[in-house]
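One structure is given below, encoded as structure tokens.
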Amino acid sequence: MHDSHPEILIDRFGRTVNYLRISITDRCDFRCVYCMSEEMTFLPRAQILTLEEIYSVAQVFVELGVKKIRITGGEPLVRRGAVDLLGRLGQLEGLNELVMTTNGSQLETTARDLKQAGVKRLNISLDTLKPDKFTEMTRVGDLNKVLRGIEAARAAGFGRIKINTVVLKNRNHDEVCDLVGFALLRGLDISFIEEMPLGLIDDHDRAEAYYPSDRIKADLAKVYELVPTTDTTGGPSRYYRINGAGTRVGFISPHSHNFCASCNRVRLTAEGRLLLCLGNEHSVDLKRVLRSHPGDPDTLKKSIVAAMAIKPERHEFDLRAKPVIFRHMSVTGG
Ligand code: SAM
Ligand code: SF4
């Protein structure tokens with residue numbers, strides 16, 4: 001931005017939006033039970049943004065003051081050209097943090113390229129350390145491949161790698177201490193996530209699987225001393241440190257702790273919808289803007305600025321009600 005009065009994104013509630021999450025594909029090589037149905041129909045290629053379109057949107061957001069971009073999906077690394085896109089995004093002037101969330105399945109072969117592309121940090125999902133359970137929870141995944149991926153990311157020099165664990169009652173809730181032990185041993189951070197009701201999934205009862213963060217914390221406190229920190233990403237995580245170690249333990253608790261007042265983020269879905277809130281359907285169709293005004297960043301910019309007027313005040317999740325959000329997390333970009 002060469003303007004002397006750079007525009008920034010501020011919503012009706014005075015919140016500054018400086019963080020964009022981009023889902024670059026709704027496809028995935030896993031079928032995690034809380035995220036997808038076993039049989040999924042993915043979007044046809046023509047309906048998802050091209051890499052060039054994604055780059056254009058990112059560029060405009062950075063001009064509008066966005067400092068952090070997270071690339072996610074689906075599994076971002078199954079999209080051909082993902083690493084090249086990251087390389088281009090990594091060079092955007094004004095962007096301080098380019099980060100990615102991945103299931104780790106492709107890291108063994110891509111970690112070094114990602115580092116070189118300018119990716120600053122990785123969040124890697126890992127729900128269990130038991131190979132059978134891993135295959136059960138992802139329906140198809142291979143734990144050892146992911147563990148090798150985590151090692152490859154460490155070897156490539158990524159610092160502050162964060163493990164993301166969705167905790168489900170009677171599936172993996174008994175592993176939270178082991179997972180913290182895994183993180184401690186490798187100098188990783190770890191966040192425990194309460195499941196969010198995104199998309200209908202036939203064979204999975206979300207209310208039944210709900211395991212609140214406070215229970216996870218109580219389980220951990222039997223083994224580890226958790227020291228509260230003031231660290232924040234402006235999002236739903238609350239962080240603790242393990243006494244005497246660098247490892248941070250985060251809790252992402254959309255149900256038990258509301259985090260909306262400090263929300264600083266919006267999301268771009270794989271099909272080019274700008275979602276103003278994870279827990280609401282308020283959105284703007286940026287693909288339509290891109291395709292009806294090709295090569296016109298000003299119109300795109302105006303649409304993005306105007307979208308701030310419909311960012312809702314808070315999410316409306318309710319595990320016991322029927323989902324009001326019909327898109328899966330893989331479409332939204334977790
Ligand atoms: N495929 C990549 C991965 O798994 O890390 C990136 C996309 S995935 C949708 C991003 C994160 O969302 C993962 O950590 C995953 O565990 C989490 N997630 C998926 N569905 C969820 C749900 N219904 N509630 C809470 N977290 C969910
Ligand atoms: Fe794929 Fe990630 Fe969803 Fe699992 S959580 S199915 S790895 S997108």
Side-chain angles (χ1 to χ4, degrees), residues 20-55 57-58 69-90 98-128 134-153 156 158 161-166 193 198-199 201 267-273 275 287 327-334:
L20 172 67
R21 296 166 83 111
I22 307 178
S23 170
I24 64 168
T25 177
D26 61 327
R27 289 165 198 257
C28 187
D29 51 345
F30 290 179
R31 295 284 184 279
C32 301
V33 291
Y34 46 76
C35 179
M36 292 192 182
S37 295
E38 191 148 15
E39 298 296 326
M40 291 290 293
T41 309
F42 294 112
L43 294 164
R45 179 49 65 100
Q47 273 183 37
I48 67 166
L49 294 187
T50 64
L51 297 177
E52 199 52 47
E53 288 170 332
I54 294 172
Y55 179 77
V57 175
I69 293 181
R70 176 173 300 282
I71 298 299
T72 176
E75 173 46 41
L77 294 174
V78 303
R79 176 138 192 203
R80 206 175 306 140
V83 177
D84 291 342
L85 172 69
L86 285 156
R88 291 184 68 199
L89 296 176
L98 177 63
V99 298
M100 190 173 78
T101 304
T102 171
N103 66 22
S105 68
Q106 316 290 315
L107 281 178
E108 212 178 343
T109 51
T110 54
R112 282 175 58 175
D113 294 341
L114 292 172
K115 182 80 185 152
Q116 219 158 28
V119 176
K120 289 275 192 316
R121 280 180 296 106
L122 292 175
N123 287 358
I124 308 175
S125 300
L126 180 68
D127 298 330
T128 168
F134 189 87
T135 306
E136 185 192 308
M137 286 185 75
T138 58
R139 294 203 187 93
V140 284
D142 173 1
L143 173 65
N144 283 316
K145 203 168 170 196
V146 171
L147 295 180
R148 289 197 301 273
I150 294 173
E151 287 319 307
F158 280 102
I161 294 171
K162 182 156 76 82
I163 300 297
N164 273 346
T165 303
V166 176
I193 306 174
L198 298 176
I201 298 177
R267 294 171 163 82
L268 182 67
T269 70
E271 56 186 331
R273 258 204 308 153
L275 275 176
K287 181 174 67 191
R327 57 187 146 73
H328 291 94
M329 186 67 127
S330 51
V331 174
T332 307

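Quick note: numbers below take in every heavy atom, side chains included, and nothing from hydrogens, waters or symmetry partners. The first residue of the sequence shown is numbered 1, and numbering continues consecutively from there.
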Nearest 0.5 Å, what's the OG1-CG distance between T138 and N103?
8.5 Å
Hey, are the side chains of F134 and D127 touching, using non-hydrogen atoms and a 4.5 Å cut-off?
no
Grab the two heavy atoms, one from P76 and one from I71, that are nearest each other, plus how far apart they are.
CB-CG2, 3.9 Å
Please report the interatomic distance CZ(F30) to CE(M36), rounded to the nearest 0.5 Å.
11.0 Å
What closest approach, in Å, do S105 and D29 show between heavy atoms, and which atom pair accounts for it?
OG-OD2, 2.5 Å
Min side-chain heavy-atom separation T25-E75 under 4.5 Å:
no
Spatial distance of atom CG (L20) from atom CD1 (I69) [nearest 0.5 Å]
5.0 Å
Taking ring pair (Phe, Tyr, Trp, His ring centres under 6.0 Å) as the test, write out the residues that go with F158, two or more places apart.
none
One should read off an interatomic distance between I124 CD1 and I161 CD1, to the nearest 0.5 angstrom, of 5.0 Å
Check I24 against A82 and note the closest heavy-atom contact, atom names and distance.
CD1-CB, 3.8 Å
So side-chain hydrogen bond (donor to acceptor under 3.5 Å, both in side chains) across residues 142-152, not counting sequence neighbours, yields E108-R148, E151-R154, E151-R186
Counting distance only, does the side-chain N/O of T50 pair as donor-acceptor with the main-chain N or O of E53 below 3.5 Å?
yes
Can you check side-chain contact (heavy atoms from CB on, under 4.5 Å) on I54 and L85, steps first, answer last?
CA-CA 9 Å; I54 294 172; L85 172 69; 4.0 Å; yes
Please give me the minimum heavy-atom distance between V146 and S125, naming the atom from each residue.
CG1-O, 4.2 Å
Nearest-0.5 Å distance that lies between atom CE in M100 and atom CG in L107:
6.0 Å
May I ask you to test the V83-Q106 pair for a side-chain heavy-atom distance under 4.5 Å?
no
Gap between atom CD of E271 and atom CG of L49 - 0.5 Å precision
8.5 Å
Do R267 and T72 have side chains that get closer than 4.5 Å, going by heavy atoms?
no
Under 4.5 Å between any side-chain heavy atoms of V99 and N123, yes or no?
no
A side-chain contact here means heavy atoms from C-beta on lying under 4.5 Å apart; do L143 and T135 qualify?
no
Would you say that I48 contacts R79 through its side chain, given a criterion of any heavy-atom pair below 4.5 Å between the two side chains?
yes
side-chain contact (heavy atoms from CB on, under 4.5 Å) between D113 and L86, intermediate numbers included:
CA-CA 10 Å; D113 294 341; L86 285 156; over 6 Å; no
Using a 4.5 Å cut-off on heavy atoms from C-beta on, say whether the side chain of E38 contacts that of R139.
yes
